[in-house]
Number of protein chains: 4
Amino acid sequence: MFELDVRSRLPVYEQLVEKFKQLIISEVLKADEQLPSVRVLAKQLTINPNTIQKAYRELERQGFIYSVKGKGSFAAPAIKSVSSEKLDRLTDELKKLAAEIMYLGMPKEDICEILSEIEQMVKGGDGVDTD
Amino acid sequence: MFELDVRSRLPVYEQLVEKFKQLIISEVLKADEQLPSVRVLAKQLTINPNTIQKAYRELERQGFIYSVKGKGSFAAPAIKSVSSEKLDRLTDELKKLAAEIMYLGMPKEDICEILSEIEQMVKGGDGVDTD
Amino acid sequence: MFELDVRSRLPVYEQLVEKFKQLIISEVLKADEQLPSVRVLAKQLTINPNTIQKAYRELERQGFIYSVKGKGSFAAPAIKSVSSEKLDRLTDELKKLAAEIMYLGMPKEDICEILSEIEQMVKGGDGVDTD
Amino acid sequence: MFELDVRSRLPVYEQLVEKFKQLIISEVLKADEQLPSVRVLAKQLTINPNTIQKAYRELERQGFIYSVKGKGSFAAPAIKSVSSEKLDRLTDELKKLAAEIMYLGMPKEDICEILSEIEQMVKGGDGVDTD
DNA sequence: GTGGTCTAGACCACC
DNA sequence: GTGGTCTAGACCACG
């Protein structure tokens, strides 16, 4: 299900965070859908439960999932009120990244094209390949 | 001149790398223009010369500056041949970032507008030799 | 285990890089085999951990090892895609070296013989998984 | 005449040493032919005379040129007796280099082919492209 | 325990 | 003066 790379310089728990973020953003994980339990996922991925726990905690902190004691963790339904601070931080990062990419020779038009593809994915998240 | 955050999760030397990258990309630092010396910058920022060294070394590795023993460090003039691997890595990162931003509600059009601004900035350093 | 020459013009950390490169190329260090930890090796060689760190960092950059925080450093399993630029640089260096050696009187045949020995050594680590 | 790269991590004087070595090895500079004077060459290359001096001193130390007080510097006619130590050092370096090149996938045959080209150059050093 | 970052201050090579 | 290397020892993040 997940491809974790223990060799990566990125900590394992952050890789998990990224994976789940993408699943939720692309609506492969629908709103209020339950995530696998910490213990089950830890066994599946043969990694320490603490690592899963840490990832879930981070996802909750960022508002992508919510946890219910005794029930489990669930994908958050939508974004209530995005702190403009977070959006600012993200767009700022995007600016830097886009600047470097353009500096390396890629024209703005190509980047816009990429954005169009992403737009489809984010909006049209139909559960086609949920596996 | 620089705003460094020593408490940041991002290492100081990486913050420096980012700052200089931006200065070079936006051509505030022109090609072959000399950067502040390791020792001088260390004193200015009240951080250790080794940390500056590490940042400069990384910038050199990424092709943004070149260093000459006994002379100084200088902004690299242009990009010779970007490894497509690097561009792929960057665009991939951009995709994830853009997806999250759109998920948080910002329409594609707004992002494209941002890109236009950046395009001006990157190209902005018109080809006139100010030296 | 290692013979380091602190008086050498070659920095200690580069000597370490060379040593490990050879161990990995000759498959004395098998793929995914763990290298000695930074601290342990530093004690063994009675040099500063930072110097080992620098060597490991360079080896990672060159693709010969990979490091995992909290786990250790390991020999990289194989070469994915060598940048042709690197190979060009290496063969260019070899050309100069071979020219000088021939100039000093060694015939081409002798050099080819040496190459045969090396071929054995490099391939020598037959594909049997000793792990 | 010379292409010096002040940006190179290689010191300028070593670049000079390499250039002259190649000229002498390929017999573009014939035996007992005079090299340009320190001052003249320094002006031509717009670098410090001390740097030229250092290069010539190193070339003399390695036996590629000899200097006569009040006359100038000249290409050494041939190799009298190569210290086997030097040849050992060079072949050792070549072994490492060849091992890395083979490790990166280039077959021995390709390397031998390269050697044949070099053999022609070293033996047949006709002054065709002395520029 | 591991690797990674940082500081304080020393010495070297280069030009 | 410049960049580059190294040491001594500290602290942090990761698993």
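Order of the sequence lines fixes the chain letters, A, B, ..., with proteins taken first and strands second; residue numbering starts at 1 for each chain.
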Report yes or no: does D:Q15 contribute a side-chain atom to a donor-acceptor pair with the main-chain N or O of D:D5 at less than 3.5 Å? yes
For residues 53-60 of chain C, which residues have at least one heavy atom under 4.0 Å from DNA chain F? C:K54
Using a cut-off of 4.0 Å on non-hydrogen atoms, how would the nucleic acid contact of A:V12 be classed: base, sugar-phosphate, or nothing? sugar-phosphate
Position toward the 5' end of DNA chain E (nearest nucleotide), C:K71 or B:T51: C:K71
Quick check for you: to the nearest 0.5 Å, what is the distance between D:R89 atom CZ and C:I101 atom CD1? 10.0 Å
Just jot down the salt bridge (charged side-chain N to carboxylate O under 4.0 Å, His left out) partners of C:K21, sequence neighbours excluded, or say none. C:E18, D:E100
Protein-nucleotide distance (C:Y66, atom OH; F:dC14, atom C1'), rounded to Å: 16 Å
Rounded at 0.5 Å granularity, tell me how far CD in C:Q62 sits from CZ in C:R57. 13.0 Å
Can you confirm whether more than 12 heavy atoms, excluding those of B:K86, are under 6.0 Å from its NZ atom? yes
Checking all strands, does D:I47 fall into the base, sugar-phosphate, or nothing category for heavy-atom contacts under 4.0 angstrom? nothing
Who passes side chain to side chain donor-acceptor pair (under 3.5 Å) against B:Q22, sequence neighbours left out? none
Sugar-phosphate, base or nothing in reach of C:V68, heavy atoms under 4.0 Å: sugar-phosphate
Which residue lies toward the 5' end of DNA chain F, C:L10 or C:G70, if each is placed at its nearest nucleotide? C:L10
Bracket string, DNA chain E, 5' to 3' - pairs by Watson-Crick or G-U geometry under 3.5 Å, | interstrand: ||||||||||||||.
Which part of the nucleic acid does C:N50 contact within heavy-atom distance under 4.0 Å: base, sugar-phosphate only, or nothing? base
Straight-line distance of B:L41 CG to B:L35 CG, nearest 0.5 Å: 8.5 Å
Does C:K69 or B:K69 map to a spot on DNA chain F nearer the 5' end, using the closest nucleotide for each? B:K69
May I have the step-by-step check of salt bridge (Lys or Arg N to Asp or Glu O under 4.0 Å) for A:E58 and A:R61, ending in yes or no? CA-CA 5 Å; A:E58 176 64 16; A:R61 202 187 62 75; 3.0 Å; yes
Identify, between D:Y13 and B:P11, the residue whose nearest nucleotide on DNA chain E lies closer to the 5' end. B:P11
Span of DNA chain E engaged by chain C, first through last nucleotide within the 4.0 Å heavy-atom cut-off, is E:dG1 to E:dC6
Between C:I52 and C:Y13, does the side-chain contact (heavy atoms from CB on, under 4.5 Å) criterion hold? Intermediate values first, please. CA-CA 6 Å; C:I52 310 283; C:Y13 88 94; over 6 Å; no
Taking C:D88's backbone N and O only, do any of them form a donor-acceptor pair with C:T91's side chain (distance below 3.5 Å, no angle check)? yes
What donor-acceptor contacts under 3.5 angstrom involve side-chain atoms of residues 63-76 of chain D, with partners at least two apart or in another chain?
{"unit_1": "D:Y66", "atom_1": "OH", "unit_2": "D:D32", "atom_2": "OD1", "d": "2.5"}
{"unit_1": "D:S67", "atom_1": "OG", "unit_2": "D:E60", "atom_2": "OE1", "d": "3.4"}
{"unit_1": "D:S67", "atom_1": "OG", "unit_2": "D:S73", "atom_2": "OG", "d": "3.2"}

